[in-house]
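Every chain is numbered from 1, with letters handed out A, B, ... down the list of sequences.
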Amino acid sequence: MNTHQSEAQCRTPRVRIAPSPTGDPHVGTAYVALFNRTHARQGEGEFILRIDDTDRSRYQESSEGQIFSALNWLGLDWDEGPEGGGPHQPYRQSERLDHYRECVSQLIDSGNAYPCFCTEERISELREKQKAAKERLGYDGACRNIDKAEAQSRIEAGETHVIRLKVPDSGETTFTDALRGEVKVANSEIDDQILIKSDGFPTYHLANVADDIAFGITDVIRAEEWLISTPKHVLIYEALNQPLPRFLHVSLLRNADKSKISKRKNPVSLDWFRQEGFLPEALLNFLALMGWAPDDDEEVFDMDTFQEKFRVEKLSTGAPIFDLTKLDWLNGMHIRRLEIEDLTERLISEGFAPPEASREQITTILPLVTERLTRLNEFSDKTEWFFAEPNPPAIEDLIPKKSDKTTSLQALTAAKDALSSLDDFTPEKIIPALDEVLETGSWKKPFLFMPLRFAVTSRRDSPDLVDVLAILGRETVCARIRKSIELLDS
RNA sequence: GGCCCCAUCGUCUAGUCAGGUCUAGGACAUCAGGUUUUCAUCCUGAGAACAGGGGUUCGAAUCCCCUUGGGGUCACCA
C-alpha cells in the first residue's frame, strides 16, 4: 500500500513550510522551518516557502510581509518562494486555484470525490443530532450518491456546493510517521473531508497535497497537530495515484499547563523576540534544543554546527514546555560570543542603542557590559551613565552600610584630588592612585569604592569601577564626584 | 465522548530502536561555597526524575499488556 514511501527518502530532499498569513509571524513557524531548512541543507536539497492563504476570512494583508522579514531576521531563508522565484510559480495558494480545480476534477472523475449540496444549516443540525445520540461526528454522506448528471446540472444552475472526499466505508488507512512509526486509522473514523469550499477555494487538505505533489515535496515535516489528518492526505495521494512523501510530525510547543502553545499564555510572535533583544542565533539555538540534543553535550552552538550534527529522525516525541529561562541564558552566551563590532552593528540596526550614541561610543562601552547583558533591550538602561548625565545618586547610596557621611565625604574628596592630578587617565594610572588613597585613608575598600561608584554611575550594579572611570574621563569623573560631595555636604 | 499521539530531575533533554557498562548522564533554574570594590561573568559543590501495576527475562528506564495522566483532533481554520 505504501511502497512508495521509502522511495521518497532516496531523493534529494525538497521540503517546505506553509505558513498562513493570518496574524503575527509565529514562533512555531520558525520552529518547524528550522528543522525543515536544516534537513534540506544537509541533503543539498531545497527549502520552499509556500503561502497558505486559502482562508479569505482570516487573511491579513500585512502578515505575509511580516512572515518574510521574521524568517529573514532569523536567517531562515528559502530557496523557492513567492518573491524569490522558483520553478513552480506561483507559491501563493490563492493564485493556484486552477491547479486545485484540475486536481479535484481528476478526483471526481475517478470517483474519489463528489459535490455536496448540503446547506450549513443541515450540517449543523446533523452535528447536533450526532452529539445528542453520542455518535461519531461527521458528514453522513447524504450527497454521495447523487447522480452525476443531476449533480452537474445543479452545479450549472449555480447551486451552492462544496466538493468532498469520498472516504471508503471500510478498511483502514495506514502510514508511517518517521518519528512514531506506523499509524493506523479505521476509514470509518475518517470524515468525508471538504476539499473545495463553497467559495471555490480549496481547504488545507486538498491544497497541501496538491501542492506538495506539484512541488515534488519529499518530506512533509510539520507540526503534530496534523498527525491525525494525515490519513485523509494519504487517501488523496492514493486517489491521485501519487507516491507518498515521508511524513514526520514534530511535537507541539506547549504552554506551562501542557496545552498547545498560545498567545494568551506565551509570547509567540517572532516580532516580540526581536523587540525584546533576543539574538536570532540564540532563539534558533533554543528552538533547536526543544526536541533535539547534541550527543556531545555542547548546548551552545551556531547554525553551522547544528547543521553538522542534527538528524531530523532524532527529534524527540515529548511535549516540550516553552520556558524562556534557558533562552535568556543562551542569549547571554551568544552575546558574549559576538565580536564587539558585530554587536555594535546589531545594537544600532535593531534600535537598541540610544539615538544620540555614536558608533564609536557604543564600541567603546560595549566590552564593559556584555557579560551583564541577557537581552539587548537592557543596553540603554545599563549604560545610561555613559551616554547621559544620570540622575544624582541618593544620599544613602553614597554612604555604605557601617560607614558614615564623614567617611564618604573624605573618601570622595581624596579620590577626586588623586584622580584630578593624574597626567594619564588610564587604568594603569588610576589603579595605583586609588590604592594610595585607600592606604592613606586606611578605609575598607567598599567605603571608598561604593561612594565612588554611585558618584559616577548613580547605580550599584555598574561595570568594573576602574574601567568606568577610565572611559568616562577625568573631567566627567571629577565633575560627578564634586556633585556628590556637594550633595553629601548639603 | 470517539479516534490518534505521548509519558526520565521544577524546565529542556541523554539513555529506549539493537535489555546488562544506569547506585540514570548533561544543561538551565534553585541553593551553598569560591573568585571579587558592586552587579555580572567564571569556577566548585548540593538537592532534584525513570507515572503506577502486571508480565517476558538470569537481568527492564529500555520489550509486551493494562491502568493512570497529559496532549492533539473531530470546521466550508490552518
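Contacts of S20(A) with the nucleic acid, taken as non-hydrogen atoms under 4.0 Å apart, involve only primed sugar atoms and P, OP1 or OP2. Within the nucleic acid shown, L438(A) has no heavy atom closer than 4.0 Å to any nucleic acid atom. Backbone-only engagement by T54(A) is indicated by non-hydrogen atom pairs under 4.0 Å involving sugar-phosphate atoms exclusively. V183(A) comes within 4.0 angstrom of sugar-phosphate atoms only, judged by non-hydrogen atoms across all strands, and of no base. Contacts of R58(A) with the nucleic acid, taken as non-hydrogen atoms under 4.0 Å apart, include base atoms. Using a 4.0 Å heavy-atom cutoff across all strands shown, W292(A) reaches no nucleic acid atom at all. Residue contacts for S229(A): at a heavy-atom cut-off of 4.0 Å it reaches no nucleic acid atom on any strand shown. Residue-level contact check: E120(A) touches the bases, meaning some heavy atom is under 4.0 Å from a base atom. G332(A) comes within contact range of no nucleotide atom at all, as no heavy-atom separation falls under 4.0 Å. Across all strands, R222(A) comes closer than 4.0 Å to no nucleic acid atom at all (heavy-atom distances). K131(A) comes within 4.0 angstrom of no nucleic acid atom, judged by non-hydrogen atoms across all strands. Looking at heavy-atom distances under 4.0 Å, E189(A) makes contact with sugar-phosphate atoms alone, never a base. Across all strands shown, C116(A) has no heavy atoms under 4.0 Å from either base or sugar-phosphate atoms.
Look at A32(B): its Watson-Crick or wobble partner, with both distances under 3.5 angstrom, is U44(B). Pair assignment for A7(B) gives U68(B), based on Watson-Crick or G-U wobble hydrogen-bonding distances that are each under 3.5 Å. Nucleotide A49(B) forms a pair with no other nucleotide shown, judged by Watson-Crick or G-U wobble geometry with both contacts under 3.5 Å. When both pairing distances are held under 3.5 Å, C74(B) makes a Watson-Crick or G-U pair with G1(B).
Ring planes of F247(A) and Y237(A): perpendicular class, angle over 60° (limits at 30 and 60°).
Salt bridge D52(A)/R16(A): absent, no basic N to carboxylate O contact under 4.0 Å.
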Please tabulate, for side-chain N and O atoms in residues 163-170 of chain A, each donor-acceptor pair with protein atoms closer than 3.5 Å (sequence neighbours left out).
residue	atom	partner	partner atom	Å
R164(A)	NH1	D192(A)	O	2.8
D169(A)	OD1	R144(A)	NH1	3.1

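Distance, D177(A) CG to G72(B) P: 18 Å, rounded to whole Å. Separating the NE2 atom of H249(A) from the P atom of C4(B) is a distance of 16 Å, rounded to the nearest angstrom. Taking atom CD of E313(A) as the reference point, atom P of C17(B) lies 18 Å away to the nearest angstrom.
Side-chain N/O atoms of N255(A) and R264(A) include no donor and acceptor closer than 3.5 Å.
Taking only side-chain nitrogens and oxygens, K314(A) comes nearer than 4.0 Å to OP1 or OP2 of G15(B). Contact annotation: T317(A) side-chain N/O to A7(B) OP1/OP2 distance is under 4.0 Å. OP1 and OP2 of G72(B) both lie 4.0 Å or more from every side-chain N or O belonging to R254(A). Taking only side-chain nitrogens and oxygens, T325(A) never comes nearer than 4.0 Å to OP1 or OP2 of C12(B).
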* Per-nucleotide protein contact string for nucleotides 32-45 of chain B, where B marks a base within reach and S marks sugar-phosphate only (heavy atoms under 4.0 Å, - for neither) -> -----BBBBSS---

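E224(A) contributes no side-chain N or O that forms a donor-acceptor pair with the base of G71(B) under 3.5 Å. In this model, a side-chain donor or acceptor of K326(A) finds a partner on the base of A27(B) within 3.5 Å.
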* To do: Evaluate side-chain hydrogen bond (donor to acceptor under 3.5 Å, both in side chains) for S94(A) paired with D53(A), printing each intermediate quantity in order.
  => CA-CA 6 Å; S94(A) 61; D53(A) 56 351; 2.7 Å; yes

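Applying the ring pair (Phe, Tyr, Trp, His ring centres under 6.0 Å) test to F310(A) and every residue at least two apart in sequence or in another chain returns F35(A), W292(A), F306(A).
For CD of E313(A), the number of neighbouring non-hydrogen atoms (other residues, nucleotides, ligands) closer than 6.0 Å is greater than 12.
Rounded to the nearest Å, the gap between the C1' atom of U57(B) and that of G20(B) is 11 Å.
Without hydrogens or angle criteria, E378(A) side chain to R375(A) main chain gives a donor-acceptor distance under 3.5 Å.
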